[in-house]
There are 2 protein chains.
Amino acid sequence: MARPAIPHATVSRLPLYLRCLDQLPVDQETVSSGEIATALSINAAKVRKDFWYLECEGRRGVGYDIQSVASQIGAALGLDVPLTIVIVGMGNLGMALAHYQGFASRGLILAGVYDTDPGKIGESVGDLVIRHPDSLTEDVRSQGVSIGVIATPAPAAQGAVDLLVKLGVTSILNFAPVVLHAPAGTTLRRVDVATELLILGYHQSNSDGVG
Amino acid sequence: MARPAIPHATVSRLPLYLRCLDQLPVDQETVSSGEIATALSINAAKVRKDFWYLECEGRRGVGYDIQSVASQIGAALGLDVPLTIVIVGMGNLGMALAHYQGFASRGLILAGVYDTDPGKIGESVGDLVIRHPDSLTEDVRSQGVSIGVIATPAPAAQGAVDLLVKLGVTSILNFAPVVLHAPAGTTLRRVDVATELLILGYHQSNSDGVG
DNA sequence: TACTGTGAATGTGTTCACAGCC
DNA sequence: GGCTGTGAACACATTCACAGTA
């Protein structure tokens, strides 16, 4: 009954469960561990144990209530308090990320986009206008930004991180091809984030290799 | 001496090591496990064991030869035989990915970009021209494509996967917000790919939660 | 019968700790 | 002293297997 903390491995699967639940027929009310397991090609006991950590109660012989599982997962991921993000660096990648539906569909609110290029400042991106990173100080304070996305060229990346961290942003999603360092006085945990790479094996499970 | 297969966990760290090595001063010839461990905020024994799996030979009291470690990692990732990728879906995200330096800097060759929208077909993207996915059949055969990137809207994603798989592509990198299914006759392994999410904790290590 | 809940067994990955070499 | 190489200990994650409930 006194449940342990939710393991990392479980947390990393939660977004996957969420997507999977989203795609069930709207009139379906319950779902079994087996159904989810099949859809994600994982083991059903793993699904049950994951849900157990989340304190989702299922009904034997029936399954789990979709609504309540979804809301438990949302709560565990902190999506019940919507997260606010900003994107620094409005090159091609930054632009694409700003337009990308993936953030919104995961409940993230894009609050600002920034670039140092005077030629870009003032340009509109959806509802937002590109501004100089100097504005971050004000924006982070007023909007309570929790995630900063780095889409700058490599040499500018570390500076952007330092600034964000100084302002109190605690999560950095880095797309620049550099290894970032934690500014002084902070510690750092590196996490691989769920972009999905599906490795297809033909009839027997392919041993390994990222290619 | 008879070394076991390289564990998944190790493989998932190899790109990180590679980036880390790239950023060392050009005149530096050797690197110690401790140096790398500090840069990546991981344990030094882990680095040594990872290098051990790769059969990298270090010198006690000195460290590892940077060149040879880099080439061993490259070989383990299959980057000595350059991988070829194609992108299906040339909306904002697809465009950005096509221009993104990250692929090239990891030794991936972008061989084709595809979209079904007649208004987009024929448009140039760098050296390439957007074509209809029908051309994939020919292209995959002639270029030996190993990775297909899905950047289509959600409803088109599964169809794109089915086509790629039918043509013999064995790795799919999915950016569409849907759960994909393995076509009949194939098995599927899901992998989280290294986009870096740095979670910064202030002096004490932040317990958890992806936000 | 169909499903959950969960201890126990197994498998994998990480870290320690120290001998051995430069 | 600084660093690698590596067994052994530990921690964590997955899977099995089955009792229990609707």
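Hydrogens, waters and symmetry mates are skipped; everything else that's a heavy atom, side chains included, is used. Naming convention: chains lettered A, B, ... in sequence-line order (proteins, then strands); numbering from 1 in each chain.
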In whole Å, I'd like the distance from the [atom1] atom of [X] to the [atom2] atom of [N].
X: B/Lys49; N: D/dA9; atom1: NZ; atom2: C1'; result: 11 Å
X: A/His8; N: D/dA11; atom1: NE2; atom2: C1'; result: 13 Å
X: A/Glu57; N: C/dG5; atom1: CD; atom2: P; result: 7 Å
X: A/Lys46; N: D/dC16; atom1: NZ; atom2: P; result: 11 Å

So which nucleotide from [options] ends up closest to the side chain of [X]?
X: A/Arg60; options: C/dG5, D/dT14, D/dT4; result: C/dG5
X: B/Ala45; options: D/dG2, C/dT15, D/dA19; result: C/dT15
X: B/Tyr64; options: D/dG5, C/dT14, C/dA8; result: D/dG5
X: B/Asn43; options: D/dA8, C/dC16, D/dA22; result: C/dC16
X: B/Ala9; options: D/dT15, C/dC16, C/dT14; result: C/dT14

Taking any heavy-atom pair under 4.0 Å as a contact, classify [X]: base, sugar-phosphate, or nothing.
X: A/Phe51; value: nothing
X: A/Arg48; value: base
X: A/Ser33; value: sugar-phosphate

Original post:
Just how far is it from atom CD1 of A/Ile150 to atom CG of A/Leu173, taken to the nearest 0.5 Å?
Top reply: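 These two atoms lie 9.0 Å from each other.
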Original post:
DNA chain D: A/Asp50 or B/Ser32, which has the more 5' nearest nucleotide?
Top reply: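 Going by which nucleotide is closer to the 5' end, it is B/Ser32.
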Original post:
Has A/Gln23 got more than 12 heavy atoms of other residues, nucleotides or ligands less than 6.0 Å from its CD?
Top reply: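 Counting other residues, nucleotides and ligands, CD of A/Gln23 exceeds 12 neighbours.
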**OP:** Take atom CD of A/Gln28 as the centre, draw a 6.0 Å sphere, and report whether it contains more than 12 heavy atoms from other residues, nucleotides or ligands.
**Re:**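 Count over threshold, so yes.
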Subject >> Distance test, side-chain N/O of B/Tyr53 to OP1/OP2 of C/dG13, below 4.0 Å >> reply: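 Result: no.
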Original post:
Is there a donor in the side chain of A/Gln72 and an acceptor in the side chain of A/Glu57, or the other way round, less than 3.5 Å apart?
Top reply: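 No, A/Glu57 and A/Gln72 have no side-chain donor paired with an acceptor closer than 3.5 Å.
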